[in-house]
Amino acid sequence: MANGVLKPRWGQPLTGIISLFSFTLIAWLLWYLFSDPRGPVGWFPYPFVMYLAMMILVGLWQHMLLGDWPFQNLSQPLRGIVQTIVNLIVVWFVIDVLFYRLLGTGFNFLSYYGLEAANAAGKLPTVAEAGATGLFAQVAVVGFVLIGFFTYPVFTIFFGKWPVMPSDLKQPNRGLAELGWASLVTLFCYAILIVPFSGLLFPGAALNPPWWGAIGGTQHVHWVFGWWEWAIVILFLTANVWRMKPWTLITLPQPWRGLLCTLLCFVAAYAIALFCRKIIPMWVPAETFQVLEAAKGASEVQRFYWIHSAEIAGFTLMPFLVWHHYFDDWAPGTDVDAWSAFFFRTAGVFLFAALIYLVYYYANFGHWALGNHHMADLGERFSHGESLVWNFWWIIPLLWNEWFFHKWPFYVHEH
């Protein structure tokens with residue numbers, strides 16, 4: 001960069017430790033203000049989870065696709081403040097205008113207002129009995145974001161921005177071209193993996209019900225969450241502490257390299273999800289499964305297995321992101337790109353993820369710190385899948401600081 005190389009302000013590991021504690025405290029404060037049931041707003045889990053998920057996706061568009069255009073030359077912290085304000089405006093537009101009012105005009109399951117009106121008119125008896133209406137539109141939006149967390153960045157990470165690059169396109173044309181191409185793939189995957197869940201919620205001939213019931217043991221969309229979240233984690237592990245390993249072993253030209261990496265990523269993600277399903281009963285109390293089965297039958301237990309697999313994946317987010325961005329991929333030795341460093345950081349990420357999991361569930365952070373009252377009894381703590389909400393909120397201050405504020409004030413430019 002013309003401004004010099006970024007260096008940790010207080011050296012390592014002190015800069016990483018200060019950053020980690022800062023992001024945790026910021027996330028905790030914002031959680032109390034907006035999502036904690038004991039706080040002033042109390043948006044938990046919806047519509048809070050929808051807004052924070054869309055914030056990350058829009059932030060990804062701003063930073064990874066558009067390269068912070070047109071604010072890339074602003075000084076800090078002004079650039080970060082401006083990009084945050086723009087992010088919030090775009091998030092509102094995407095949810096309330098693009099999904100609810102434009103796409104929702106034709107696809108009512110995408111419209112909060114449309115579902116509310118249909119339920120008030122007595123046209124959605126199943127939804128009325130369930131006591132929820134517009135909530136399902138919020139779920140549909142979250143499903144789009146889930147798919148987009150993989151399909152938008154995959155073209156940067158695995159495909160090297162193919163087919164948009166190499167070219168002589170400049171920003172914003174380059175970013176908009178990539179946004180358009182990735183959106184096409186996102187909508188294709190969304191139609192196959194998310195829309196059928198609305199066919200289950202609103203039965204009829206127009207939308208087919210989920211096709212994965214016989215595969216996953218449940219028709220719930222949490223089957224998709226259970227392995228897709230692991231695909232997201234593998235993708236971002238690649239770009240962070242893995243430093244593009246092990247995919248550097250694949251030397252095919254694009255798009256074949258990207259296609260093979262994506263295929264192997266999905267295979268690995270599904271295998272890890274199946275492994276998680278096998279080991280979850282080792283520590284989750286039997287009471288949890290008994291309550292779930294008594295409430296909704298065996299399929300509810302299968303639903304829990306899949307969503308809890310996604311939760312386990314979610315606990316890796318903070319360890320690998322903070323390790324890469326604020327501890328500078330530290331590993332024993334001098335070569336951070338060595339295979340020994342790759343395995344060291346991988347083992348470390350999963351160790352720290354396990355420790356955070358223990359704090360959340362067994363030290364009951366989710367109850368006393370986040371206000372989830374149903375987590376008072378051990379048998380009831382695991383069944384709701386809500387740790388994903390906290391883990392995604394936990395990474396927002398880190399991502400905003402890295403993407404929009406360019407690590408200010410934790411890093412300085414060395415000229």
Side-chain angles (χ1 to χ4, degrees), residues 1 3 6 8-9 15-36 41 43 47-95 142 145-146 148-149 152-153 156-157 171 175 179 232-233 235-236 239-241 314-328 356 370 388-413:
M1 289 184 58
N3 292 329
L6 278 178
R9 183 180 291 271
T15 298
I17 293 171
I18 293 174
S19 302
L20 175 60
F21 276 95
S22 298
F23 299 142
T24 302
L25 291 174
I26 292 170
W28 199 355
L29 173 62
L30 293 175
W31 176 277
Y32 177 77
L33 293 176
F34 293 105
S35 195
D36 193 317
V41 178
W43 280 354
F48 181 77
V49 64
M50 174 184 63
Y51 282 108
L52 72 89
M54 188 60 74
M55 284 171 64
I56 300 175
L57 186 62
V58 171
L60 189 151
W61 295 347
Q62 291 174 270
H63 179 71
M64 190 174 288
L65 305 189
L66 288 165
D68 301 312
W69 179 91
F71 312 110
Q72 68 275 13
N73 293 324
L74 293 179
S75 60
Q76 294 293 3
L78 179 60
R79 191 185 98 181
I81 295 171
V82 171
Q83 286 194 258
T84 298
I85 294 172
V86 170
N87 178 274
L88 295 174
I89 295 172
V90 175
V91 166
W92 167 82
F93 177 84
V94 171
I95 293 174
V142 170
V145 174
L146 174 78
F149 279 161
Y152 284 103
T156 296
I157 298 172
Q171 296 291 11
L179 179 66
I232 295 169
V233 166
L235 181 69
F236 281 97
N240 288 273
V241 295
F315 281 105
T316 68
L317 293 171
M318 176 56 80
F320 75 72
L321 285 170
V322 75
W323 199 330
H324 175 67
H325 292 297
Y326 293 91
F327 286 92
D328 302 320
I356 298 171
L370 305 183
L388 272 175
V389 183
W390 165 246
N391 282 321
F392 272 107
W393 184 247
W394 197 9
I395 70 172
I396 280 185
L398 182 151
L399 290 177
W400 258 229
N401 184 258
E402 204 280 329
W403 286 353
F404 295 166
F405 288 86
H406 208 213
K407 299 188 180 183
W408 177 91
F410 304 105
Y411 278 64
V412 294
H413 289 284

With rounding to the nearest 0.5 angstrom, report the CG to CG distance, Leu65 to Leu179. 6.0 Å
Report the distance from atom CD of Gln83 to atom NE2 of His406, rounding to the nearest 0.5 Å. 11.0 Å
Relative to the ring of Phe392, is the ring of Phe149 parallel (under 30°), tilted (30 to 60°) or perpendicular (over 60°)? parallel
Short side-chain to backbone donor-acceptor contact, Gln72 and Arg79, under 3.5 Å: no
Would you give the length of the straight line joining atom CD1 of Ile356 to atom CZ of Phe315, rounded to the nearest 0.5 angstrom? 8.0 Å
When you compare the side chains of Asp328 and Tyr411, does any donor N or O come within less than 3.5 Å of an acceptor on the partner? yes
Taking the side chain from Trp393 and the backbone from Ala27, do they hold a donor-acceptor pair closer than 3.5 Å? yes
If you define the side chain from C-beta out and look only at heavy atoms, does anything of Val389 sit under 4.5 Å from Leu370? no
Can you name the nearest heavy-atom pair linking Ile81 to Phe405, along with the distance? N-CZ, 3.6 Å
Assess the pair Trp31 and Phe48: is the distance between their ring centroids shorter than 6.0 Å? yes
Between Val142 and Met50, what is the shortest heavy-atom contact and its length? CG2-CA, 3.6 Å
Beyond-backbone contact of Tyr326 with Leu20, side-chain heavy atoms, under 4.5 angstrom: no
The reported gap from CH2 in Trp390 to CG in Asp36 (rounded to nearest 0.5 angstrom) is 10.0 Å
Side-chain heavy-atom pair Ile17, Phe21 within 4.5 angstrom cut-off: yes
The side chain to side chain donor-acceptor pair (under 3.5 Å) partners of Thr156 (sequence neighbours excluded) come to Lys161, Glu178
Is there a side-chain contact between Met318 and Asn391, using heavy atoms and a 4.5 Å cut-off? no
Determine the minimum heavy-atom distance between Gln171 and Gly67, stating which atoms define it. NE2-N, 3.8 Å
Any side-chain heavy atom of Leu317 within less than 4.5 Å of one from Phe236? no
Would you confirm whether Asn401, through its side chain, and Trp408, through its main-chain N or O, come within 3.5 Å as a donor-acceptor pair? yes
Does the plane of the ring in Trp403 sit parallel, tilted or perpendicular to the ring in His63? Use 30° and 60° as the thresholds. parallel
Minimum side-chain heavy-atom gap Leu146-Ile232 below 4.5 Å: yes
Any idea which heavy atoms bring Gly16 and Phe327 closest together, and the distance? C-CZ, 3.1 Å
Between Trp400 and Gly59, which heavy-atom pair has the shortest distance, and what is it? CH2-CA, 4.4 Å
Going by heavy atoms in the side chains, are Met54 and Leu57 under 4.5 Å from each other? yes
Looking at Phe34 versus Tyr51, is the centre-to-centre ring distance below 6.0 Å? no
Is there side-chain contact between Val94 and Trp61, with heavy atoms separated by less than 4.5 Å? yes
Can you tell me how far apart CG (Leu52) and CD1 (Ile396) are? Round to the nearest 0.5 Å. 5.0 Å
Closest approach of His324 and Asn240, non-hydrogen atoms and distance? CD2-OD1, 3.1 Å
Backbone N/O of His325 and side chain of Glu402: donor-acceptor pair under 3.5 Å: no
